[in-house]
Enquirer: 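Following this message is one structure expressed as structure tokens.
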Amino acid sequence: MYEMAIIWDWLGFAVRWVHVITAMAWIGASFYFIALDLGLRKVPNMPVGAYGEEWQVHGGGFYHIQKYLVAPSNMPDHLIWHKWQSYSTWLSGAALLMIVYWAGAELYLIDAQKADLSVLQGIVISAASLTLGWMIYDFLCKSSLGKQPTLLMVLLFVLLVVMAWGYNQIFTGRAALLHLGAFTATIMTANVFFIIMPNQRIVVKDLQEGRIPDAKYGAIAKLRSTHNNYLTLPVIFLMLSNHYPLAFASEYNWLIAALVFLMGVTIRHYFNTMHATGKGPHWTWLATTVLFILVMALSTAPLMQESYETSEARELTPREQIFANAEGFDEASLIIPGRCAMCHAREPGYDGIHHAPKNILLETPADIAKNAKLIYLQAGVTVAMPPANVSYMEESERVAIRKWYRAAAKALPFTMAAD
């Protein structure tokens, strides 16, 4: 059963790899087409219906690109649809959410100090919030606000800030920011699946059947595409945030997320303007710098973490109890604080370490039982921790950690094996 931890970790790595690859493809295509669209120029003697054209050079050749706002007069034989980059990114991200945050809900998703949730309740809230977010956003876009894009963007920002605050009231800080990213990414992919692609299919069908396509479908798709363009950079930040406790473990993480969304707007506004006019507005650099300084200032607030006294006194979860009762736990509880708590402590003692990496604490027996799988993989199966073995952990100590974890794993129910 203990090998399930290794298999599960590799499965998470594989899905994360796919997620990063597909995200690169989606973001790359999105940025390219926005730049292409904004760089179009009107020239004499363009074909009927053409809005603009652009010449590009790449890979030793020249590309001549023309855009039709509605559609060309005849349907081309070879038409490339850009959709699978978006779908694959969302599907792999959803799978990763399930592998890390649903299967590991006790460790990564639920914060009992914020809300007393069962694993099932946490998972239901996680899934339902993504669906609810899309429904609210889609309703706003289809209302009369759709004709007021600036006001709509402001309301979308308010919605995202409210969700950031709400997630932080019930989930761990790490899960709160990750879910905000998933919430935003769901809106972006749903835009492609439910709005952009269906509208494009309507236009194609009209062309095939000899009708003149209605320009409104292109306008609707363009609005959603513009939203996706401005949301991309904050989503990347939120995807990476789980590696940085200063971002997710601050009590003001929801405000940090709000400022990051504003930074996404200022950065994209610079590049969008530059693509359209050849010159970007330099005030956006100052605005982005000020926003980032505010983010750093907010991150210095006390980190959200369980105090030493609370950790020692709290009741262990059923899973933690299995590891605490397993043969070898007493020995592991002596080894791990001595070799790891120099960094993984409420107040780290190692020079240059000001906050526990990834906010993982390894001082009390409850800390150790809670992080059993991470300890096993990082310091038992591999020699990743301590880094460069700075605390001189001996091989006999790593053997003791492996024996303890494997003894506990034999008592784990299958549903807990991957956690």
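All residue numbers refer to positions in the sequence shown, counting from 1.
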Enquirer: For Ala345, check side-chain contact (heavy atoms from CB on, under 4.5 Å) against everything at least two apart and list the hits.
Expert: Glu363
Enquirer: Does a side-chain heavy-atom distance below 4.5 Å link Lys373 with Arg319?
Expert: yes
Enquirer: Looking at Glu395, I'd like to know if its CD atom is crowded, meaning that more than 12 non-hydrogen atoms belonging to other residues, nucleotides or ligands lie closer than 6.0 Å.
Expert: yes
Enquirer: With sequence neighbours left out, write down each residue that passes ring pair (Phe, Tyr, Trp, His ring centres under 6.0 Å) with Tyr244, or none if nothing qualifies.
Expert: none
Enquirer: Which is it for Thr364 and Asp367 under the side-chain hydrogen bond (donor to acceptor under 3.5 Å, both in side chains) test, yes or no, and what are the steps along the way?
Expert: CA-CA 5 Å; Thr364 71; Asp367 292 339; 3.2 Å; yes
Enquirer: List the residues meeting ring pair (Phe, Tyr, Trp, His ring centres under 6.0 Å) with Trp10, not counting sequence neighbours, and say none if there are none.
Expert: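 For Trp10 the ring pair (Phe, Tyr, Trp, His ring centres under 6.0 Å) partners, ignoring immediate neighbours, are Phe13.
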Enquirer: Would you name the heavy atoms of Ala332 and Pro337 that are closest together and state the gap between them?
Expert: O-CD, 4.1 Å
Enquirer: Identify the heavy atoms of Val119 and Ala105 that sit nearest to each other, and give their distance.
Expert: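 That closest heavy-atom pairing would be CG1-CB, 3.8 Å.
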Enquirer: Is it true that atom CE of Met135 has more than 12 heavy atoms of other residues, nucleotides or ligands lying nearer than 6.0 Å?
Expert: no
Enquirer: Check whether more than 12 heavy atoms from other residues, nucleotides or ligands sit under 6.0 Å from atom CD1 of Ile212, and answer yes or no.
Expert: no
Enquirer: Between Lys114 and Asn168, is any side-chain donor less than 3.5 angstrom from a side-chain acceptor?
Expert: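 Their side chains do contain a donor-acceptor pair, which is all the 3.5 Å distance test asks for.
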Enquirer: Can you check whether Thr184 reaches Pro234 side chain to side chain, under 4.5 Å on heavy atoms?
Expert: no
Enquirer: Going by side-chain contact (heavy atoms from CB on, under 4.5 Å), name the residues that satisfy it together with Leu240, two or more places apart in sequence or in a different chain.
Expert: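 Counting only residues at least two positions away or on another chain, Leu240 forms a side-chain contact (heavy atoms from CB on, under 4.5 Å) with Ile236.
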Enquirer: Test Arg268 against Leu233 for side chain to side chain contact (heavy atoms under 4.5 Å, CB included), laying out the working first.
Expert: CA-CA 8 Å; Arg268 287 311 301 161; Leu233 294 182; 3.7 Å; yes
Enquirer: Enumerate donor-acceptor pairs with a distance under 3.5 Å from any side-chain N or O in residues 39-53 to protein atoms, sequence neighbours excluded.
Expert:
{"from": "Arg41", "atom 1": "NH1", "to": "Gly39", "atom 2": "O", "distance (Å)": "3.0"}
{"from": "Lys42", "atom 1": "NZ", "to": "Tyr51", "atom 2": "O", "distance (Å)": "3.2"}
{"from": "Glu53", "atom 1": "OE1", "to": "His64", "atom 2": "NE2", "distance (Å)": "2.8"}

Enquirer: Got Ile6 and Leu377 here, is their nearest side-chain heavy-atom distance under 4.5 Å?
Expert: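 Side-chain contact under 4.5 Å: yes.
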Enquirer: Check side-chain contact (heavy atoms from CB on, under 4.5 Å) between Thr273 and all other residues, then give those that pass, not counting sequence neighbours.
Expert: His269, Thr277, Pro281
Enquirer: Contact between Met342 and Ile353 at the side-chain level, heavy atoms closer than 4.5 Å - yes or no?
Expert: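 No, their side chains stay 4.5 Å or more apart.
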Enquirer: Minimum heavy-atom separation for Pro348 to His354, with atom names?
Expert: CD-O, 3.8 Å
Enquirer: Listed by chain and number, what are the side-chain contact (heavy atoms from CB on, under 4.5 Å) partners of Leu97, not counting sequence neighbours?
Expert: Tyr101, Trp102, Ser126, Leu130, Leu178, His179
Enquirer: Enumerate the salt bridge (Lys or Arg N to Asp or Glu O under 4.0 Å) contacts for residues 140-153, please, sequence neighbours excluded, ordered by first and then second residue.
Expert: Asp138-Lys142
Enquirer: Looking at every non-hydrogen atom in both residues, tell me the closest pair between Met163 and Leu180 and how far apart they are.
Expert: CB-CD1, 4.2 Å
Enquirer: Answer yes or no: is there a side-chain heavy-atom contact under 4.5 Å between Ile187 and Phe183?
Expert: yes
Enquirer: Quick one: pull up CG in Asn371 and CD1 in Ile360 and give me the separation to the nearest 0.5 Å.
Expert: 4.5 Å
Enquirer: Using distance only, find each side-chain donor-acceptor pair of residues 18-36 under 3.5 Å and give its atom names and separation, not counting sequence neighbours.
Expert:
{"from": "His19", "atom 1": "ND1", "to": "Thr89", "atom 2": "O", "distance (Å)": "3.0"}
{"from": "His19", "atom 1": "ND1", "to": "Ser92", "atom 2": "OG", "distance (Å)": "3.0"}
{"from": "His19", "atom 1": "ND1", "to": "Gly93", "atom 2": "N", "distance (Å)": "3.2"}
{"from": "Thr22", "atom 1": "OG1", "to": "Val18", "atom 2": "O", "distance (Å)": "2.9"}
{"from": "Thr22", "atom 1": "OG1", "to": "His19", "atom 2": "O", "distance (Å)": "3.1"}
{"from": "Thr22", "atom 1": "OG1", "to": "Thr89", "atom 2": "OG1", "distance (Å)": "3.4"}
{"from": "Tyr32", "atom 1": "OH", "to": "Gln56", "atom 2": "OE1", "distance (Å)": "3.1"}

Enquirer: Under 3.5 Å, is there a donor-acceptor pair between the Thr226 and Asn229 side chains?
Expert: no
Enquirer: Rounded to the nearest 0.5 Å, what separation is found between the CG atom of Leu156 and the CG atom of Leu151?
Expert: 11.5 Å
Enquirer: Would you say the side chain of Arg346 lies within less than 4.5 Å of the side chain of Ser311, judging by non-hydrogen atoms?
Expert: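 SC-SC contact between Ser311 and Arg346 confirmed.
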Enquirer: Specify whether Trp404 and Phe323 have parallel, tilted or perpendicular ring planes, treating 30° as the upper limit for parallel and 60° as the lower limit for perpendicular.
Expert: perpendicular
Enquirer: Would you please name every residue forming a salt bridge (charged side-chain N to carboxylate O under 4.0 Å, His left out) with Lys222, sequence neighbours left out?
Expert: Asp37
Enquirer: What heavy-atom pair brings Leu362 and Cys340 nearest, and what distance separates the two atoms?
Expert: CD1-CB, 3.8 Å
Enquirer: Is it the case that more than 12 heavy atoms not belonging to Tyr350 sit under 6.0 Å from its OH atom?
Expert: no
Enquirer: For His355, check ring pair (Phe, Tyr, Trp, His ring centres under 6.0 Å) against everything at least two apart and list the hits.
Expert: none
Enquirer: Can you tell me if Tyr252 has over 12 outside heavy atoms packed within less than 6.0 Å of its OH?
Expert: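 Check fails, neighbour count at 12 or below.
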Enquirer: For the residue pair Leu316 and Ala324, what are the closest heavy atoms and their distance?
Expert: CD1-CB, 3.7 Å
Enquirer: Hey, what's the ring geometry for Trp285 with Phe271, parallel, tilted or perpendicular (30° and 60° as the breaks)?
Expert: perpendicular
Enquirer: Got a second to check how far Ile195's CD1 is from Cys141's SG, nearest 0.5 Å?
Expert: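 Those atoms lie 8.0 Å apart.
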Enquirer: How about Arg224 and Tyr137: do any of their side-chain heavy atoms sit closer than 4.5 Å?
Expert: yes
Enquirer: For the atom pair CG (Leu117) and CD1 (Ile125), what is the distance rounded to the nearest 0.5 Å?
Expert: 4.5 Å
Enquirer: I would like to know whether His227 and Leu152 meet side chain to side chain contact (heavy atoms under 4.5 Å, CB included); could you show each step before the answer?
Expert: CA-CA 10 Å; His227 290 170; Leu152 181 58; 3.5 Å; yes
Enquirer: Nearest 0.5 Å, what's the CE-CD1 distance between Met197 and Ile202?
Expert: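 Between Met197 CE and Ile202 CD1, I get 11.5 Å after rounding to 0.5 Å.
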Enquirer: Within the supplied structure, the quantity of interest is the number of heavy atoms (other residues, nucleotides, ligands) at a distance under 6.0 Å from Gln208 CD; does it exceed 12?
Expert: yes
Enquirer: According to the salt bridge (Lys or Arg N to Asp or Glu O under 4.0 Å) rule, which pairs have a member within residues 184-208, sequence neighbours left out?
Expert: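 Applying salt bridge (Lys or Arg N to Asp or Glu O under 4.0 Å) to every pair that reaches into residues 184-208, excluding sequence neighbours, yields Asp206-Arg211.
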Enquirer: Please determine whether a side-chain nitrogen of the Lys or Arg among Glu306 and Lys370 lies less than 4.0 Å from a carboxylate oxygen of the Asp or Glu.
Expert: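 No.
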Enquirer: So Tyr167 and Leu177, side chain to side chain contact (heavy atoms under 4.5 Å, CB included) or not? Walk me through it.
Expert: CA-CA 8 Å; Tyr167 279 134; Leu177 290 197; over 6 Å; no
Enquirer: Working note: Asn389 + Val383, criterion side chain to side chain contact (heavy atoms under 4.5 Å, CB included); need CA distance, chi angles, decisive distance, verdict.
Expert: CA-CA 8 Å; Asn389 202 22; Val383 294; over 6 Å; no
Enquirer: Do Phe193 and Trp90 make a side-chain contact, defined as non-hydrogen atoms from C-beta onward lying under 4.5 Å apart?
Expert: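 A side-chain contact is absent here, since even the closest heavy-atom pair is not under 4.5 Å.
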Enquirer: First locate atom CD of Gln148, then atom OG of Ser143, and finally report the distance between them rounded to the nearest 0.5 Å.
Expert: 8.5 Å
